[in-house]
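Report on the following structure.
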Protein chains: 2
Amino acid sequence: MSPDTRTRLMEGTIAALRTHGIAGVSARTIAAAAGVNQALVFYHFGSVDELLTAACRWSTEEQVAEYQERFAAVGSLRELQTVGREMHAQERAAGNITVLAQLLAGAHTNPAIAAATRDSFALWIAEIEKALVRLLADSPLGEIADVPGLARAICASFIGMELYDGVDPDGVELAFDALDQLGAVLEYLDGLGPTARRAVRAAVRRTVKKKTSSASG
Amino acid sequence: MSPDTRTRLMEGTIAALRTHGIAGVSARTIAAAAGVNQALVFYHFGSVDELLTAACRWSTEEQVAEYQERFAAVGSLRELQTVGREMHAQERAAGNITVLAQLLAGAHTNPAIAAATRDSFALWIAEIEKALVRLLADSPLGEIADVPGLARAICASFIGMELYDGVDPDGVELAFDALDQLGAVLEYLDGLGPTARRAVRAAVRRTVKKKTSSASG
DNA sequence: GTCTATATTTAGATAGAC
DNA sequence: GTCTATCTAAATATAGAC
């Protein structure tokens, strides 16, 4: 059976963002994509902006739920990278990169979209953090890595790859390959003995101390 | 003396993107920001879209020129990171992150903006590549790193940090700190002896081979 | 090159029939 | 809850005076 009108309108909003962009979404383009009457946008959501934020929250919840199992099954940093690359391919094919770009742009002029996007990212970051805590539990990298910061860096880099894809898809493949190399380096460090481990940790500590003192001074 | 009308219109376009977003730019908001008459948009550029792409190209050229010297002065990977972080702070203060987000969104529905944005990134990537070639010239990382891919990964990650900043500025600071840690790790590898160097290189080679065979098979 | 005025289209939003 | 009809505001674009 077909979903109710509220859901159809949110689906239509995402579809309209995909085909017309944030600059082209309107009650009419959304209603057309949803296959319902234009006035229902205002009856169900009050305004186009309200519908936009509702659709943003709704679609991320759907997406995160879809990928949750794959995140949970990840057993190494390299596997996390592979899942990321697969996600990228899948999201691109689904046209969701375009949607993300539109919402990130809209967040800058619409506080409600900004809040919805922030909450959406929080869902993704929570998944990444869970995976990192698990993966780094018995790893030398776990002793030095700042998991919350690393999760956000991973999320931000992924966002960057997504958006860079919009202007240069070939460049993104090169970039993914380079990050795979970086992952191999980290994996190598993961297998180091206690002496080298201590040396790496000391090097990182020096860096962190430098940053902290310059930030607080 | 004040710039000519064409330039004022391009400046006005960037200002309008900043305050109204891609969804809110119009011949009227642009003209208001530029302090000129609305009809001049069409006289000088033919359409709002043409003006948008012209402004995109123009503003990146101005920006890249502004940062070129700082890129050229970079002497280590960590310094490159520091320049990136300073750029981020400066660009945020100037409101240019918002502009970037709007153009990236517009690129998905407007091929001309996509082309202009691609060319703009190419300018940035060229600067990063130049710096990387110089920095990795006499470094063990230079033997294993794929410079074009790495430059694109750095550019993409930076874009991601910029855009993530729009929804969670505090998270970005955590992320930058985590990347600083990663930089410290790489710097440590940079100082390793020939034996460890070979081990890292072998680990990376295994990865690359795996990827290449799976991509071509 | 720049301005005023305006034709035309499209957007957000609401009233009221069903 | 849904539709038609419509009001109002704002956008693109052009014609023509200066």
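Here is the naming used below: chain letters follow the sequence lines, and residue numbers restart at 1 for every chain.
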Say you draw a straight line from OG1 of T53(B) to CD of E50(B); how long is it, rounded to the nearest 0.5 Å?
5.0 Å
Length of the line joining L9(A):CG and dT2(D):C1', which is rounded to integer Å
11 Å
Base versus backbone protein contacts along nucleotides 11-18 of chain C [heavy-atom cut-off under 4.0 Å; B, S, -]
BBBB----
Rounded to whole Å, the CZ-C1' distance (F45(B) to dT14(D)) equals 18 Å
Atom CZ of R8(B) and atom C1' of dT2(C): how far apart are they, to the nearest Å?
12 Å
Euclidean distance, atom NE2 of residue H20(B) to atom P of dA10(D) [Å, nearest integer]
12 Å
Evaluate the side-chain proximity of L40(B) to F45(B): yes if any heavy-atom separation is below 4.5 Å, no if none is.
no
Just how far, in rounded Å, is P of dG1(C) from CG of L40(B)?
10 Å
Please assess E173(A) against R85(A) for the test salt bridge (Lys or Arg N to Asp or Glu O under 4.0 Å), listing each intermediate value before the final yes or no.
CA-CA 9 Å; E173(A) 294 306 315; R85(A) 205 159 177 172; 3.2 Å; yes
Expressed in angstrom and rounded to an integer, what is the separation of N37(B) atom CG from dA15(D) atom P?
16 Å
Measure NE2/H44(B) against C1'/dC3(C) and give the value in whole Å, please.
12 Å
When F176(B), Y164(B), Y67(B) are each screened for ring pair (Phe, Tyr, Trp, His ring centres under 6.0 Å) with H88(B), the one that passes is F176(B)
Summary of ring pair (Phe, Tyr, Trp, His ring centres under 6.0 Å) pairs that have at least one residue in residues 90-116 of chain B, sequence neighbours excluded
none
Closest non-hydrogen atom pair between S76(A) and L135(A), with its separation:
N-CD2, 3.3 Å
